[in-house]
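Each chain gets a letter, A, B and so on, in the order the sequences are listed, and its residues count up from 1.
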There are 2 protein chains.
Amino acid sequence: MQNNQNIKIAVDAVVFGYQDNALYILLIQQKYGPYKDQWVLPGGLVQNGETLTTAVHRELQEEAGIKVNYLEQLYTFGDDINRDQRNQVISVSYFALVNPENFKLSAATDAQDVKWQNISNTPTLPFDHNLIIDTAFKRLKAKLHYQPIGFDLLPKKFPFSDLEHLYTTILEQEIDRRNFRKKILSFDFIKKSNEKQKTGSGRPAQLFTFDTNKYKALEKNGIHFEIKFA
Amino acid sequence: MQNNQNIKIAVDAVVFGYQDNALYILLIQQKYGPYKDQWVLPGGLVQNGETLTTAVHRELQEEAGIKVNYLEQLYTFGDDINRDQRNQVISVSYFALVNPENFKLSAATDAQDVKWQNISNTPTLPFDHNLIIDTAFKRLKAKLHYQPIGFDLLPKKFPFSDLEHLYTTILEQEIDRRNFRKKILSFDFIKKSNEKQKTGSGRPAQLFTFDTNKYKALEKNGIHFEIKFA
DNA sequence: ACAAAAGTGTTGGAGCTACACCCATGT
DNA sequence: ACATGGGTGTAGCTCCAACACTTTTGT
């Protein structure tokens, strides 16, 4: 096996969080090196003897103090030889979802700070991180249509209107509230809790929970989750 | 940047070919090393200064003498540390389509032989290559439903029945011939050539061609290609 | 004339889209 | 009493699934 290969392998993660009717991504601020003080996606080099998945979880834990609800591989970026000025680096990127309420952010190791960045005014970032974010955002939008993935961005108990807002916010489309509710409820994987939420004004909302087990059972029998819009 | 990382990066490709109503994948036989004489997916280490895409094209050219019709990144396999006994290796795998009639296979460099392997009796292969093939096969099946990708497996001019057989063979499902034809023709991206094919017995078939430009134009306006079955 | 593959229309029903008013609470 | 957000039903239409016979050629 040829032994002079000098290409590094990194993992990067686009972690989405949804709060107060807006979509955010997790960014960290570099503590060392030529990119010091710049905001970038959490991630870093894979360690010897470490799996890719482990590497992502480790970096998210170290740099942001976060455990994600959902994680999947996104894409491997390696067609821009000079994406990192230090060395040829290939980035295996991941796509993750989290409910920000669950965590208090905390930066450590090579991150000096962490923050939730509103995705709609993401600044220009070093490397190809804007491209990675775009790719992840497209994936998120696509997935919302055919996989019940929105629930990983919400608290365990949520009013139905939060789900509506999540869809309209992320997809930047209006939806027909009646049809949307009918559709979601028809799948039968969310159920009413017996609590209500009081929001200050307006009629109190039923709280719902997503039933993961029910969904998995249905999935085996081949349901086809698909949301279309008016 | 940490400098002791000792993980290699390889690319591997699952190249599908369709001929005589059967689906094949391309395998090469190793010429050197601990896996000598074994059949594996075409691929190899990425060279310094080379992009991932270039690496795949190069390996396919070198090891099999092939240029593919369609290529997309499939998945990056790196969660099994010991997938290669020589060293920790991460495989960025690709998914490719080709019409076998266009090529005469020719093995070179580290391949001592090449062949088209019928996918339905693929033997057990070294590394995690069976897993990679499975992943690619699932992707192929899924894509057939929502992307007009079958045409990359057929010659430029083909009788409609070849497309039918391609679908039934790959998806292992019967289709309703009338509904299928109506559906495909309704998209309006394949057109009749004025040639006919004589098969020996039976009524001669119209030959069709896939109009790539027309498809791209329609795609921009947002057509939704989707094939369902009886 | 018969075997083999190509070609072709219609109908019933499921599921989607479109659409607007009443309800429960706070101020 | 009014403002705010939550909750609900129906009718028309579109599009899909189901279904079988005729045409063209070779032998």
Checklist entry - How long is the line joining CD of A:Glu174 and P of C:dA18, in whole Å? => result 13 Å
Next on the checklist: What is the distance, to the nearest angstrom, from the NZ atom on B:Lys198 to the P atom on C:dA3?
Outcome noted: 24 Å
Checklist entry - Are B:Phe158 and B:Phe151 an aromatic pair by the rule of ring centers under 6.0 Å? => result yes
Item to check | Atom-to-atom span, CZ of A:Phe180 to P of C:dA18 - whole angstrom | outcome: 16 Å
Next on the checklist: Under 6.0 Å between ring centres: does that hold for B:Phe127 and B:Phe77?
Outcome noted: no
Next on the checklist: Test: salt bridge (charged side-chain N to carboxylate O under 4.0 Å, His left out). Region: residues 118-142 of chain B. Which pairs qualify, not counting sequence neighbours?
Outcome noted: B:Glu72-B:Arg139, B:Arg83-B:Asp128, B:Lys141-B:Glu172
Item to check | Pairing residues for A:Ala107 by the side-chain contact (heavy atoms from CB on, under 4.5 Å) criterion, not counting sequence neighbours | outcome: A:Ala111, A:Val114
Checklist entry - Could you give the CZ-to-C1' distance, from B:Phe158 to C:dA6, as a whole number of Å? => result 15 Å
Next on the checklist: From NZ of B:Lys196 over to C1' of D:dG26, roughly how many Å is that when rounded to an integer?
Outcome noted: 15 Å
Checklist outcome for this item: Here the distance between atom C1' of C:dG7 and atom CD of B:Gln197, to the nearest Å, is 16 Å
Item to check | Exercise: do A:Lys182 and A:Asn179 side chains pair donor with acceptor under 3.5 Å | outcome: yes
Item to check | Heavy-atom side-chain proximity of B:Gln61 to B:Glu59 below 4.5 angstrom | outcome: no
Checklist entry - Taking protein heavy atoms under 4.0 Å as touching, what does nucleotides 5-10 of chain D look like 5' to 3' if B marks base contact, S marks sugar-phosphate-only contact and - marks none? => result BBBBBB
